[in-house]
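To start, the structure itself, in structure tokens.
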Amino acid sequence: HTYSTTIPASASGGHKKWSGSVKELSAAHAIISPAMDIEAGQMITIDIEGLGNSLSARLSSNEGANSTIQFPLDLDHLRDMRDKIERLMAHNGSSDDLDVAA
């Protein structure tokens with residue numbers, strides 16, 4: 001499932017700090033805004049409000065005002081993220097699921 005949202009977040013990577021919001025969230029990726037001022041491929045640590053612990057991710061692309069980050073794709077991480085995101089979205093009252101095929 002991929003959710004459209006506006007959740008506050010903060011991150012660090014490439015010796016830079018970032019704060020903004022998560023615009024789209026799934027177990028495998030997030031789109032954040034404003035874009036992070038680091039090169040694609042760099043590893044970051046991101047804190048997404050309501051998810052609990054910090055997450056490691058890789059900045060996969062910067063496009064305009066947004067950055068896309070990719071979370072680890074191992075099955076345990078995906079399962080854990082799916083559970084956390086579903087609880088967070090239920091708590092926030094969000095039902096804006098973008099992924100109709102999931």
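Index from 1, following the sequence. Being a predicted model, the structure only gives us computed values, none of them experimental.
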Over all heavy atoms of both residues, which pair between [X] and [Y] is shortest? Give the atoms and the distance, please.
X	Y	value
L88	G50	CD1-CA, 3.9 Å
V22	A9	CG2-CB, 3.9 Å
G13	I38	O-CG2, 3.4 Å

Just by modelled atom types, is the [Y] backbone N or O under 3.5 Å from a matching donor or acceptor in the [X] side chain?
X	Y	value
N62	A40	no
W18	P34	yes
S21	K23	no

Is any side-chain heavy atom of [Y] closer than 4.5 Å to one of [X]?
X	Y	answer
I44	I69	yes
L55	T45	no
M36	S67	yes
E24	N66	no
F71	M81	yes

Qualifying residues under side chain to side chain donor-acceptor pair (under 3.5 Å), relative to [X], sequence neighbours excluded:
X	value
H77	none
R79	D76
R58	Q70
T68	none

Are more than 12 heavy atoms, taken from residues, nucleotides or ligands other than L75, located less than 6.0 Å from that residue's CG atom? no
Which of I7, I46, L25 passes side chain to side chain contact (heavy atoms under 4.5 Å, CB included) with I32? Answer is I46
Output for pair (S4 OG, M89 CE), nearest 0.5 Å, gives 9.0 Å
So the side chain to side chain donor-acceptor pair (under 3.5 Å) pairs with at least one residue in residues 47-57 (sequence neighbours excluded) are D47-S54, N53-K84
For residues 32-46, the salt bridge (Lys or Arg N to Asp or Glu O under 4.0 Å) pairs (sequence neighbours left out) are K16-D37
